[in-house]
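Report on the following structure.
Since the model is a prediction, treat every value here as computed from it, not as a measurement.
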Amino acid sequence: MVADQQCFPTPALLHEAGGFNNMSVAQHQASKSMELQRIISAMHRAIPELHGVMIASVNGLAVAHDFPDAEAERVAAMSATALGLGKRITERTNLGGLAEAVIRGDNGYLVVYAAGQHAVLVLSGPIDSNLGLMRLEARVAAVNIKQILGQA
């Protein structure tokens, strides 16, 4: 895990999320990026065993994360796909709206949450992760992400 790493929201994503008011594009990017990075840090403080946290676009682009660079784009793309597929499955099987998509492997979990209409929250943790705590923290984080991106 790379703790100091940041991916910045693209101008298109920020514009899509509510415009720029009187701030410059660069100021908006830096401000929102810092707020998103704070959410990632807060997730690690609440759940120290997490391997990684990512905020991605529903198009599969990493927005902010602490995954290794080599994994980030792949995780973002697969997570957006998992979210889209999960939404289709819940809609087609009359299960209601998608709450989360949980992928469990022999060595851990990857849990994907919608964070508004344009973002995905991804948590990766070991096999002994506390999924209940992950759910609680992710719900709060998803609301905060929506607010930061102007979708609340």
Side-chain angles (χ1 to χ4, degrees), residues 1-14 16-17 28-93 95-152:
M1 174 169 37
V2 180
D4 295 331
Q5 179 177 344
Q6 286 188 7
C7 291
F8 294 97
T10 64
L13 179 62
L14 293 176
E16 211 175 84
H28 240 323
Q29 282 180 312
S31 173
K32 289 189 183 220
S33 180
M34 286 174 38
E35 291 179 57
L36 295 173
Q37 203 62 40
R38 281 189 206 112
I39 289 173
I40 291 171
S41 295
M43 293 294 294
H44 279 287
R45 282 191 305 277
I47 313 167
E49 69 268 17
L50 289 177
H51 296 309
V53 178
M54 175 179 287
I55 300 158
S57 73
V58 294
N59 296 324
L61 301 173
V63 175
H65 66 88
D66 62 2
F67 280 85
D69 278 336
E71 293 179 29
E73 292 303 321
R74 186 177 64 239
V75 170
M78 289 188 297
S79 297
T81 300
L83 180 73
L85 182 59
K87 284 181 176 181
R88 281 186 74 183
I89 290 170
T90 58
E91 288 169 4
R92 303 287 164 118
T93 57
L95 295 174
L98 178 70
E100 64 189 359
V102 178
I103 295 88
R104 179 179 177 214
D106 292 335
N107 299 321
Y109 291 96
L110 189 77
V111 189
V112 180
Y113 299 88
Q117 294 183 354
H118 303 290
V120 179
L121 173 63
V122 183
L123 307 177
S124 174
I127 196 67
D128 61 349
S129 294
N130 182 336
L131 287 177
L133 181 58
M134 288 172 76
R135 286 181 179 119
L136 290 172
E137 294 295 332
R139 287 184 192 133
V140 172
V143 169
N144 291 333
I145 293 165
K146 287 191 312 191
Q147 289 173 342
I148 291 166
L149 297 178
Q151 302 171 34

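The closest donor-acceptor contact from the side chain of T90 to the backbone of G96 lies under 3.5 Å.
Contact check for Y113 versus R139: no side-chain heavy atoms found under the 4.5 Å cut-off. Using a 4.5 Å heavy-atom cutoff, the side chains of N130 and I47 are not in contact. I39 places none of its side-chain heavy atoms less than 4.5 Å from the side chain of E35. Between M78 and I103 there is no side-chain heavy-atom pair separated by less than 4.5 Å.
The line from OG of S124 to CD of E71 is 7.5 Å long, rounded to the nearest 0.5 Å. We find the NZ-CG distance between K87 and L98 to be 7.0 Å, quoted to the nearest 0.5 Å. With rounding to the nearest 0.5 angstrom, the NE2 atom of H51 is 11.5 Å from the CG atom of D66. For the atom pair CG of L131 and CZ of R104, the computed distance is 8.5 Å after rounding to the nearest 0.5 Å. Taken to the nearest 0.5 Å, the CD1 atom of I89 stands 9.0 Å off from the CG atom of L95. To the nearest 0.5 Å, atom NE2 of residue H44 and atom CD of residue E49 are 10.5 Å apart.
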From CA spacing to verdict: side-chain contact (heavy atoms from CB on, under 4.5 Å), M134, S129: CA-CA 8 Å; M134 288 172 76; S129 294; 3.7 Å; yes
side-chain contact (heavy atoms from CB on, under 4.5 Å) between N59 and H118: does it pass, once the steps are laid out? CA-CA 8 Å; N59 296 324; H118 303 290; over 6 Å; no
Stepwise side-chain contact (heavy atoms from CB on, under 4.5 Å) test for E73 and L61: CA-CA 6 Å; E73 292 303 321; L61 301 173; 4.2 Å; yes
Trace of the side-chain contact (heavy atoms from CB on, under 4.5 Å) decision for L121 with V111: CA-CA 8 Å; L121 173 63; V111 189; over 6 Å; no
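Between I127 and Y109, the shortest heavy-atom contact is O-CE1, 3.3 Å. Closest heavy-atom contact between V120 and A80: CG2-CA, 4.3 Å. Of all heavy-atom pairs spanning A119 and I55, the tightest one is CB-CG2, 4.5 Å. Minimum interatomic distance between A46 and E137 (heavy atoms only, all atoms of both residues): CB-CD, 3.5 Å. Shortest non-hydrogen contact noted between A62 and M54 is CB-CE, 4.2 Å. Across all their heavy atoms, A115 and I145 have their closest contact at CB-CG2, 3.8 Å.
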